[in-house]
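All figures in this text were calculated on a predicted structure; none of them were measured in a lab. Labels below follow one simple rule: chain letters A, B, ... track the order of the sequence lines, proteins then strands, and each chain is numbered from 1.
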2 protein chains.
Amino acid sequence: MDDSTKQDGKTLDLLEKSATEQASSSSNSDCTENIEEFRKNLAQTLEAKSFYIPSFKIYGGVAGLYDYGPPGVKHFALEENMLEVDCPCLTPEVVLKASGHVEKFTDLMVKDEITGTCYRADHLLKDFCMEKLDNNKDLSVDKVQELKLVLAMLDDFSPEQLGSKIKEYGIVAPDTKNPLSDPYPFNLMFQTSIGPSGTIPGYMRPETAQGIFVNFKDLYYYNGNKLPFAAAQIGQAFRNEISPRQGLLRFREFTLAEIEHFVDPEDKSHPKFSEVVDLELLMFPREEQMPGKDTVKLRLGDAGTVNNETLGYFIGRVYLFLTLLGISKERLRFRQHCAHEMAHYAADCWDAEIKCSYGWMECVGIADRSAFDLRANSEKSGTPLVAHEKFSAPKEVEAMDEKEAMEVKAALESKGKVEFQVCTLEKAVTIKSNMVSISKEIKKEHQRVFTPSVIEPSLGIGRIIYFLFEHSFYTRPNKAGDEQLNVFRFLPVVAPTKCTVFPLVKDPELEAVARQISKSLTAAGIYNKYDDTGNTIGKRYARTDEVGVPFAITVDHTPTTVTIRERDSKDQIRVKVTEVVSVCKDLIDGVRTWEDIRRQYPSHPRMSPADE
Amino acid sequence: MDDSTKQDGKTLDLLEKSATEQASSSSNSDCTENIEEFRKNLAQTLEAKSFYIPSFKIYGGVAGLYDYGPPGVKHFALEENMLEVDCPCLTPEVVLKASGHVEKFTDLMVKDEITGTCYRADHLLKDFCMEKLDNNKDLSVDKVQELKLVLAMLDDFSPEQLGSKIKEYGIVAPDTKNPLSDPYPFNLMFQTSIGPSGTIPGYMRPETAQGIFVNFKDLYYYNGNKLPFAAAQIGQAFRNEISPRQGLLRFREFTLAEIEHFVDPEDKSHPKFSEVVDLELLMFPREEQMPGKDTVKLRLGDAGTVNNETLGYFIGRVYLFLTLLGISKERLRFRQHCAHEMAHYAADCWDAEIKCSYGWMECVGIADRSAFDLRANSEKSGTPLVAHEKFSAPKEVEAMDEKEAMEVKAALESKGKVEFQVCTLEKAVTIKSNMVSISKEIKKEHQRVFTPSVIEPSLGIGRIIYFLFEHSFYTRPNKAGDEQLNVFRFLPVVAPTKCTVFPLVKDPELEAVARQISKSLTAAGIYNKYDDTGNTIGKRYARTDEVGVPFAITVDHTPTTVTIRERDSKDQIRVKVTEVVSVCKDLIDGVRTWEDIRRQYPSHPRMSPADE
């Protein structure tokens, strides 16, 4: 005990010295003595503790690009204890070759042969079929069937198939009526080059996920070499759309939030699945997706077609997240991808689709991508991106299942060769009998080394915000009934401005009280707008409704009280000036509802016509 | 009154109908009846209220790029009631031509004539001079003077001057000793092209400010056509550095926060200047920046060289912001730009510089850029970016000051021509006598139309974070004294992880309590890490210190209490399990200090050696 006190005393002295140094104006505190060593030590610590990770480290890194690792950025998903990372948008080509984007992230394009204007081939064919179906009521039953089949097959057509349909239907450039070129693939990534020599080709990332895959090793280490764990990233993604349509739904630059949840492929259970098991939601499983069938309301625990618990858990979390923001439960469904829609390596995939004025639109994808991404980046970079399971006692293992091995042996002996499907190459490889020998060996292993599977919820933030706008927007008549007023019914949690503060009339005394309330709201972290324009109070209410502010505080001639008006019901209550901030805070934090508040405070009569 | 009640009744009915519609599963609520009209109305409202603004609208817009306007994004600077916007990184060339970046955003580069490797010319010359000064103690006084002069002039050298110095000193490529090319300008922007045709050249933005300037008209309207107001943007910026050095200080992609505060050029006072007037800070005015002189501690109100109150106000706010984060007051100074450093249009500019292991480094620039940016974008786009001041009564004005006009007239009559300096063209224009006539006219004007000035604080977030790492990092010996342990003294407000929770030993009961505390912290919004590794508590404390966690909670064998340990003092107190979350919350929110808490709760003896 004595010894320990002495030691601590020494440490404290040192700390005090350091504190004094910092306070003294001329000192450089911790970096005066040996700057190089200080900096080296700091840099080592920052990298060892994953504050920064050199970007694309497994590919040798790129000068001037660093990722912020888990402790260096604010938390994103506190509830899940996810590791958040923040990687650059600039991505060297090698990463996007590994992911397949350089080769396959394309849309089929046709060009106006005279002007060179570009169009998406499938859009032109779709428009043609839709227009025919809508405007030619006298089409034969066969023709209707044919056009509907084309629409259903649209996503699966090869360039040749698309081209021959465009020729067959005589489709021309919509703006000029000029003939069109044959369809050819156009890569949707924005290309640039990194560094002054122009020798490192790079792209603006088309998704944020790759930044997490290339950092897997550091993240796994940061998590104490344990599975499962999740990493998340919110950031910009870029897609050079051929002809962006649908206004706010198809951006060339947009915000994505992607979560990569890494699991042992042999155990995809989730400890919190029980928290979402009783949610009832609209689901659209693969086998229901045929003419005449529709979405079904299912208890998540009973949705047997969901491949595994972790996938199911994230479906539940996405449902809770979207409905909490204010997305209508009845206009939100989860649609399972059909086999032909999924990448060959994917185990299962569900899209959260939201019904809006464009129909049902995808806004979140939740996919079990198996081990594809980690394997692909392992191969290209030469850095194994694997997990280890230590056995408590060594286990005897065979490299190959005995039956399978015997079959291969028989084939090699009879045909002299055998074919293997190599998943990441996406092709079959032929192995000849002189390349291998097959023998039975049993090894003792102390650990299992495997590539984790990844479950990926990918949220299109811009789309979600747009759908929220659609689901929140309505109109109602003004008092005179001669005008429609626009209102956004944003929930307090998402409303960008929480309160407006109005002095009822231009009057220095009322204005002073109103300004003070606005200041106190700001101090409590409540974003508010003060409006002392001379407009009638009715006009000011209409203006605040139009930007979706849930609560309007009006300072009238009553000396110690103000009114609070709720946007959608237009109900008003009278509250003491001293209580107004705490009432608003409770409403915005969701501690109390407007109903709770209304019961507690006297109501104030609605606006009189004179106020308008 | 009767009438009003009836009206409201009708409105309520409508609202209820809408609510019912939303609840009914088959309905599409507000967009069933007339989808096109619904969408048009919504889109109009979203654009009219500046939720979205088509990106680069004043230049005709670019398909697929939209800005999020003020109400559409979370608040950034609540205190200042700033309008936050979120514009794309992809920027069409025309905007960056207007800003001057296409022409002038360059560094001078030299190439290894054999291998083609690129270097920054000024870096090579700087390295050469520094190395000579450091390692050749027998240099003549003249030579020393010459080298020091070169270092001082480095930023102002023309390509020719740089090239001749490189030749004169015989500087070669550092890696190969090969000869070097002449210096030539290299544009630091990452280039790409927008759209499939390759006809719209674009760049990744080198700063975020342009996004605000091009939206000035919408922002001014959103602010009720009133000055002053500020808009802010946080986002990625991109600079294709020739050869990034200084590790974490020079990124090719980094986060910038820029504020553009628009003011009337005739009134740059600031209503809140009084709040910062008494701050005392290290300043380095222009006239002090000569050999033998140093920074001076000045009261902001007495710093007469600061051009105007608004600029002074932001210097004060930046000081408060940086020191609140934990930047050392004694290693933070504000340095005024010398005349030759500033752009010709700038009225004044101050850099917040932080002392770190690389010396004094800029991390924030605070500039009065006058009307340059708005004028440049007005001219290129043809959209006037101006403000209006309505006069209460019409005023009589002359287009030109009478004395000045008479001088021009005299010059035209005597020499037949006169020269005008046109600010935005940055050149002189010759006007001949046959182009103009000069007469005296007095007009009545009802308003003043002018281009606002802009005061711009521009914060390099990545640099600030790095400096925070340096100012927070220190080492102290472990108990045995045979090892140095790393510590980050992050203030609770910036520490990425606020608490760690440890069960003292592997024990299901202790682990259950610890897990419950971790859960409750999470529920209170406190990011924490639970660590039940079997390591000694001493090792776990060291690990938590190394990532800068301010508070460690240990569950020991006492049934209803736990200990809380503060990172820097290593002091421990004993707190009831039921109080631990509220104590931590107060510490993290800054409601109570560690000193307050320590006085209130019994202290716990320091670790015994047995714990190590």
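With 3.5 Å as the limit, one finds no donor-acceptor pair spanning the side chains of B:Thr192 and A:Gln191.
Between A:Lys355 and A:Glu470 no salt bridge is recorded (no basic side-chain N to carboxylate O distance below 4.0 Å).
With sequence neighbours excluded, the residues forming a salt bridge (charged side-chain N to carboxylate O under 4.0 Å, His left out) with A:Asp107 are A:Arg120, listed by chain and number. Shown here are the salt bridge (charged side-chain N to carboxylate O under 4.0 Å, His left out) partners of A:Lys519, two or more places apart in sequence or in another chain: there are none.
At a 4.5 Å heavy-atom cutoff, the contact between A:Ser193 and chain B is made by backbone atoms alone.
Chain B forms more heavy-atom pairs under 4.5 Å with one residue of A:Phe186, A:Phe254, A:Tyr203 than with any other, namely A:Phe186. If you tally non-hydrogen atom pairs under 4.5 Å between each of A:Ser197, A:Gly195, A:Cys118, A:Gly224 and chain B, the highest count goes to A:Gly195.
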